A.B. asks: 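My questions will all concern the structure given below.
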Amino acid sequence: MTTVSPNERLVEDVAMVYFGTHGFVIKSGGILDDAGERANASQSILQRRLGAALHRLNPALPHDAVEQVVRSVARPPYPTLIQNNRWFHALLTDGVEVEYRDAASGEARGGRARLIDFDNPRQNDWLVVRQLTIAGPSGKFIRPDLTVFLNGLPIAVTELKDPTDTGADLNVAIAQLGRYMETTPDLFVPNLLLVASDGLLTRVGSITSGLNRFMPWRPAEGGLPTLEALIRGLFDPTLLLDYLRTCVAFEEDERGEIVKKIAGYHQFRAVRKARTSVLAHLKAPIGDGDGRGGVVWHTQGSGKSLTMLMLAGALVREPVMANPTIVMVTDRNDLDDQLFGTFAAGRALLRQAPVQADGRDHLQELLDRAAGGVVFTTIHKFTEAHGEISPRANVVVMADEAHRSQYGFVEGGARWMREALPNATFVGFTGTPLERDDKNTIHVFGEYSDVYDIRQAVEDGATKPLYYESRIVKLSVDDAGAAAAEAELEQAAQADGFGEEVADQIRIPLEALVGAQERIERLAAFIVEHWEKRRAAMEGKSMIVTMSRDIAARLYEVIKTLRPQWHDPDNERGTMKVIVTGSGDDPEPLRSHVRRKVERKRLAERFKNPNDDFRLVIVCDMWLTGFDCPPMHTIYLDKPLSGHNLMQAIARVNRVYGDKPGGLIVDLLGLADQLADALAIYTQAGGTGEAVRQVQDEAVPAMQTAFEKLRDFFHGCDYEAALYADPKAVLAVYLRAIDHVFAQPDGWRWLRERVKELSAAFALAVPRPETEALVDHLAFFQRVAAMIRKRLADEGGGTAKARQRDVDAAVRQVIGGAVDADQVIDLFAVAGLDEARLDILSDEFLKRVAALEQKNLALETLRKLLSDQIRITERTNIVQSKKFREALEGAMLRYTNKAITTAEMVSRLIDLAKELRTAQQHGTELGLSGEETAFYDALAENGSATSVMKSDTLRLMARELAEMVKKMPKLDWTQRESVRADLRRHVRRLLAKYGYPPDLSEDATQLVLRQAELSTENGA
């Protein structure tokens, strides 16, 4: 049975205070069940509460119809949890279809039964249950710390941890929530969100969120993501119902895989603030505002497209808007397609399917309607003709990347858009800040309504930090020519920054210089060498940005010559591709890279797939904005970019993926000044924190510092003999190093954390020359950690296959070597312990351990094996496991306090292993099953009982107790006091019947009761 530490209980108690301020009723699981609110422990919906809420919210429904609704929501129709969760979310937001016969007229009626009162949030039934035990289909039980019920429906599950326990962090809590979903999927069918917290740190995710997608929840005004911040800022009934209805989207890909996306705190905040701003600025006749709905600045990679979808869904539901038309505007067709894809996938939130306008006439047709519609268009369609399209005031225009460099406010699309929709309200979204003198954008959209900058996003883990490195590949001209080219480069970058086409008189000579064949050959050689070293340290993808389509195609040809195995003409194969637009009239080699839209879409899917071998893409203009590829960690810039365009391009590598430590920008053309200007705009607009960090200033020193810590840690252990030889040839060095690790206080945890730290910093810095001196050292450290992890690590984390996926997800765990768990050198084999592993507690095996020269390794091996055996015993036998756990902990405490030597400790653990082996065998000698043995040990725990009673009598009692437990009803009797009392009476009668000493019977009763609970929890 789960025990709750005092500190964890304190976190739970404090949470109850916060919930209480919102008017939640608070109950324990035992009290809830004693009140008969569930028929049995497998019920996760509180059907009586749900029925009462349905009667209250739907007074016209007859009792039979209410019962019909209760039955239907309790029977999910689909085979998977995520399908059922999507189905149930629609019921929560839109109600349950119901048919019934009117009592007065006798006529058949139909409609939707409301599960929630959204108009009067506090009229709903709000309940938090502590420690509610729930049975899964397999008979196994779970007991979440807190379960939040809305009208009897479990919409949130919270797992709490002790903030002082370093071994029980939020990752452990999140993994536990995952196991809960596997054990009792029905509990999570109505689920809105999952919470992991230790009180001081709090993360929130959905039922499909991976570890990296559980995001911190901070208060709206900023601050730490505490449990208090979450409960006050989200579990207020009004806020929570707003979140439930507007901030949940389900996306299904072509393979049928569904992802549930919920808003982070910054997205929820932005939706609420932007909605308020829109409603306050509506034009007549529905408002008296100026149509400037505000600008939302959320840095790239922080989920801006999802925020736009959620805001659109929120506005669609606003009564004052009277079924508005939402016009989504982008500045390019590929961005239009990408944003449209997000909205199409989340169309349930919009309550309608979005439509893309084919041209100006089609756009006018779509907007020439009384109400409704979500329409996508590019800004350029407003330039095809001028004049008014729709005079309605319930039109909201949401513009992506709303700043002057994209739209042409004076003479261009933005001006004609305002004339076409004169009474619309305009909302601007941008991933980069507005320039201080950008009066046009502010004139149309207004001031910022919400800001989420790079510092906030990196702190929250919503994005990864960006690192910059200048590795210029020089132009092949004389000094005078280089100076002229640099001037043209500056002029081209300025034009690009203002959203203007680069003039031909600049483009042609500059392109000729940048694209000279000699330079392309040097560029290709550099990128191949650089990228291969990057991939050796960190798995992922990379992008090369070239100045023109021609340069992209010719660069591909040179790389193909250097690495022919990377090339394949088949779209479904090949390591590298060029993504450009064009036609059949383009000359070769460019023509071979021109693909249809559907082909480019398929290549985008391949590139985004971390397991696909397509790892290097060469682009010119495409995929530089609005393209999310989380595994991508390196971008090579060989094109003059500046301002917003530069910031958008470099943000391609800031997405979160596995243990990826950050994204690297490799400047090949000399864009340092342009980057400095772009960062100046960022800070002038109010952005905080470093937007881009220098590799040589941060990653390299971090790598060197981590290395120095590890080198100092191994002081006294000469490991360098193993650096330059085959690992199998220097196995003795590895044994000495591992022995050294375990000789240090908390050595394994310390080593694990420092190796991860060094690996991440190395992956960021590679292939700078400073990394060359460290690569062999890092390989050694990583192999030592891998060998320990394979045999001796007390770490969770699932199967070897799951760990392998985690490794492939980002930083390589063994530089230049195999990372598969089956290929890591086996520590036991090196130590000569492998041949005797058939029985790890056999005399032969224990002799071999005792004979090990490395006594710290011997000690750790024994400790690990004993802990594993005791952990197995804990599942079945309280007395045995308690006895040996206390013996092991007592011995370790004496050793830690230096009361006994390592050799004495090894001897003590060997004796303990033999005692454990004997204890495991004694049930068989008594002729008892494992469960019967557990009850026998409980009865015989008090020595005086065994002196009074015969062993045969205790055996009979043990068998009868085991049979009694088997006959217990399959419900949550461990939390039902009436059933516990009944069991207690049966146990007392049995003890009295066999003459168990009365003075010992109460202790025996309690111990037997605990053993019975354990047996039931394990499906006995």
Side-chain angles (χ1 to χ4, degrees), residues 300-301 332 334-335 338 431 463-471 473 496 514 520 523-524 526-535 537-549 551-556 558-560 563 566-567 571 574-581 593 595 600-610 612-641 645-657 660 662-669 671 675 692 695 763-764 766-767 810:
Q300 292 108 330
R332 291 214 316 273
D334 58 330
L335 289 182
Q338 290 159 15
T463 63
K464 290 294 183 180
L466 291 170
Y467 293 82
Y468 171 83
E469 181 178 33
S470 179
R471 302 292 287 267
V473 179
D496 175 77
V514 172
I520 286 180
L523 182 68
F526 169 79
I527 288 174
V528 166
E529 181 184 6
H530 190 278
W531 173 237
E532 285 183 329
K533 289 180 178 177
R534 295 281 298 161
R535 268 208 70 201
M538 180 163 45
E539 191 52 273
K541 315 267 180 161
S542 71
M543 174 182 283
I544 307 169
V545 185
T546 64
M547 186 175 171
S548 70
R549 297 181 307 134
I551 292 174
R554 289 192 291 124
L555 179 61
Y556 182 96
V558 179
I559 294 176
K560 181 174 76 172
R563 294 294 181 272
W566 291 6
H567 163 75
N571 283 343
T575 299
M576 64 174 178
K577 301 290 179 188
V578 175
I579 303 296
V580 292
T581 55
H593 299 292
R595 296 176 174 87
R600 294 197 301 270
K601 182 180 178 184
R602 172 59 191 140
L603 284 173
E605 291 172 357
R606 280 193 61 200
F607 195 65
K608 292 178 181 183
N609 179 358
D612 195 294
D613 197 42
F614 177 19
R615 303 198 175 276
L616 180 64
V617 67
I618 306 173
V619 302
C620 177
D621 295 305
M622 305 196 77
W623 293 9
L624 290 184
T625 56
F627 180 77
D628 285 351
C629 177
M632 187 159 67
H633 57 69
T634 305
I635 185 168
Y636 299 95
L637 293 181
D638 198 45
K639 177 180 180 176
L641 295 168
N645 291 339
L646 178 57
M647 291 292 284
Q648 287 167 349
I650 65 178
R652 296 313 98 205
V653 292
N654 76 347
R655 304 316 195 248
V656 174
Y657 179 69
K660 172 178 148 184
L664 178 65
I665 306 143
V666 184
D667 174 10
L668 303 169
L669 201 55
L671 301 173
L675 183 61
V692 177
V695 170
L764 283 170
V766 77

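Excluded from the calculations below are hydrogen atoms, water molecules and symmetry mates; all remaining heavy atoms, backbone and side chain alike, are included. Throughout, residue positions are numbered sequentially from 1 according to the sequence presented. From a predicted model like this one, the values you see are computed outputs, not experimental measurements.
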A.B. asks: Could you state the interatomic distance from NZ (K577) to CZ (F607), rounded to the nearest 0.5 Å?
C.D. replies: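 The distance works out to 12.5 Å.
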A.B. asks: Given V619 and R652, is the side-chain contact (heavy atoms from CB on, under 4.5 Å) satisfied, shown in steps?
C.D. replies: CA-CA 12 Å; V619 302; R652 296 313 98 205; over 6 Å; no
A.B. asks: Would you compute the distance between atom CD1 of I665 and atom OG of S470 and round it to the nearest 0.5 angstrom?
C.D. replies: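 Taking CD1 in I665 and OG in S470, the distance rounds to 11.5 Å.
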A.B. asks: Under the side-chain contact (heavy atoms from CB on, under 4.5 Å) rule, what do I520 and I551 come out as? Steps first, then yes or no, please.
C.D. replies: CA-CA 8 Å; I520 286 180; I551 292 174; 4.2 Å; yes
A.B. asks: Determine all donor-acceptor pairs shorter than 3.5 Å in which one atom belongs to a side chain in residues 622-629; sequence neighbours excluded.
C.D. replies:
residue: T625; atom: OG1; partner: R332; partner atom: NH2; Å: 3.2
residue: D628; atom: OD1; partner: R655; partner atom: NE; Å: 2.8
residue: D628; atom: OD1; partner: R655; partner atom: NH2; Å: 2.4

A.B. asks: Go through the structure and list residues passing ring-ring contact (aromatic ring centres under 6.0 Å, His included) with Y467, not counting sequence neighbours.
C.D. replies: none
A.B. asks: Measuring from Q300:CD to I650:CD1, what's the distance to the nearest 0.5 Å?
C.D. replies: 8.0 Å
A.B. asks: I'd like to know whether D613 forms a side chain to side chain donor-acceptor pair (under 3.5 Å) with T575, so could you lay out the CA-CA distance, the side-chain angles of the two residues, the decisive distance to 0.1 Å, and finally the verdict.
C.D. replies: CA-CA 5 Å; D613 197 42; T575 299; 2.9 Å; yes
A.B. asks: Grab the two heavy atoms, one from L671 and one from P640, that are nearest each other, plus how far apart they are.
C.D. replies: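 Smallest interatomic distance, heavy atoms only, reads CD2-CA, 4.0 Å.
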A.B. asks: Do P631 and E539 come close enough that some side-chain heavy atom pair is under 4.5 Å?
C.D. replies: no
A.B. asks: Is there a side-chain contact between Q648 and L641 (heavy atoms, below 4.5 Å)?
C.D. replies: no
A.B. asks: Are K601 and E605 close enough, and set up right, to give a salt bridge (charged side-chain N to carboxylate O under 4.0 Å, His left out), and what steps lead you there?
C.D. replies: CA-CA 6 Å; K601 182 180 178 184; E605 291 172 357; 5.1 Å; no
A.B. asks: Rounded to the nearest 0.5 Å, what separation is found between the CH2 atom of W531 and the CD1 atom of I559?
C.D. replies: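 If I round to the nearest 0.5 Å, the distance is 12.0 Å.
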A.B. asks: Should the pair Y556 and H593 be assigned to parallel (<30°), tilted (30 to 60°) or perpendicular (>60°) ring geometry?
C.D. replies: perpendicular
A.B. asks: Starting at CD of E469, measure out to CG of D667 and round the result to the nearest 0.5 Å.
C.D. replies: 10.0 Å
A.B. asks: If you look at every heavy atom in V580 and C620, which pair is closest and at what distance?
C.D. replies: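 Heavy atoms only, the tightest pair is CG1-CB, 4.4 Å.
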A.B. asks: Between Y636 and L523, is any pair of side-chain heavy atoms under 4.5 Å apart?
C.D. replies: no
A.B. asks: Can a donor-acceptor pair be found, under 3.5 Å and without considering hydrogens, that links the side chain of S542 to the backbone of V617?
C.D. replies: no
A.B. asks: Quick check against the 3.5 Å criterion: does H633 have a side-chain atom that pairs as donor or acceptor with the backbone of M538?
C.D. replies: yes
A.B. asks: Please determine whether the number of non-hydrogen atoms from other residues, nucleotides or ligands lying under 6.0 Å from atom CD of E529 exceeds 12.
C.D. replies: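 Not buried by this count: 12 neighbours or fewer within 6.0 Å.
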A.B. asks: Could you tell me whether the side chain of L646 reaches within less than 4.5 Å of the side chain of L675, counting heavy atoms only?
C.D. replies: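 Counting from C-beta outward, L675 and L646 do come under 4.5 Å.
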A.B. asks: Which atoms form the tightest heavy-atom contact between V766 and A537, and what is the distance?
C.D. replies: CG1-CB, 3.8 Å
A.B. asks: Please say which of V666, L664, V545, N654 ends up in a side chain to side chain contact (heavy atoms under 4.5 Å, CB included) with I635.
C.D. replies: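 That would be V545.
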A.B. asks: Please answer whether the main-chain N or O of K608 pairs with a side-chain N or O of K541 as donor and acceptor at a distance below 3.5 Å.
C.D. replies: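 No; zero donor-acceptor contacts below 3.5 Å.
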A.B. asks: Does R595 offer a backbone N or O that forms a donor-acceptor pair with the side chain of R600 under 3.5 Å?
C.D. replies: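 Answer holds: yes.
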A.B. asks: Step by step, would you call E532 with R563 a side-chain contact (heavy atoms from CB on, under 4.5 Å)?
C.D. replies: CA-CA 11 Å; E532 285 183 329; R563 294 294 181 272; 2.7 Å; yes
A.B. asks: Which distance, rounded to the nearest 0.5 Å, do you find between the CD1 of I544 and the CG of L555?
C.D. replies: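 The CD1 atom of I544 sits 5.0 Å away from the CG atom of L555.
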A.B. asks: Looking only at heavy atoms, which two atoms of V558 and A524 are closest? And how far apart?
C.D. replies: CG1-CB, 3.5 Å
A.B. asks: Compute both the distance and the angle, then confirm whether K464 meets the cation-pi test with Y657: under 6.0 Å from the six-membered ring centre, within 45 degrees of the axis.
C.D. replies: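 No.
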A.B. asks: Would a 4.5 Å heavy-atom cut-off, applied to side chains only, mark P767 and R534 as touching?
C.D. replies: yes
A.B. asks: Taking C-beta and beyond as the side chain, do N571 and L603 meet within less than 4.5 Å on heavy atoms?
C.D. replies: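 Yes, close enough: below the 4.5 Å cut-off.
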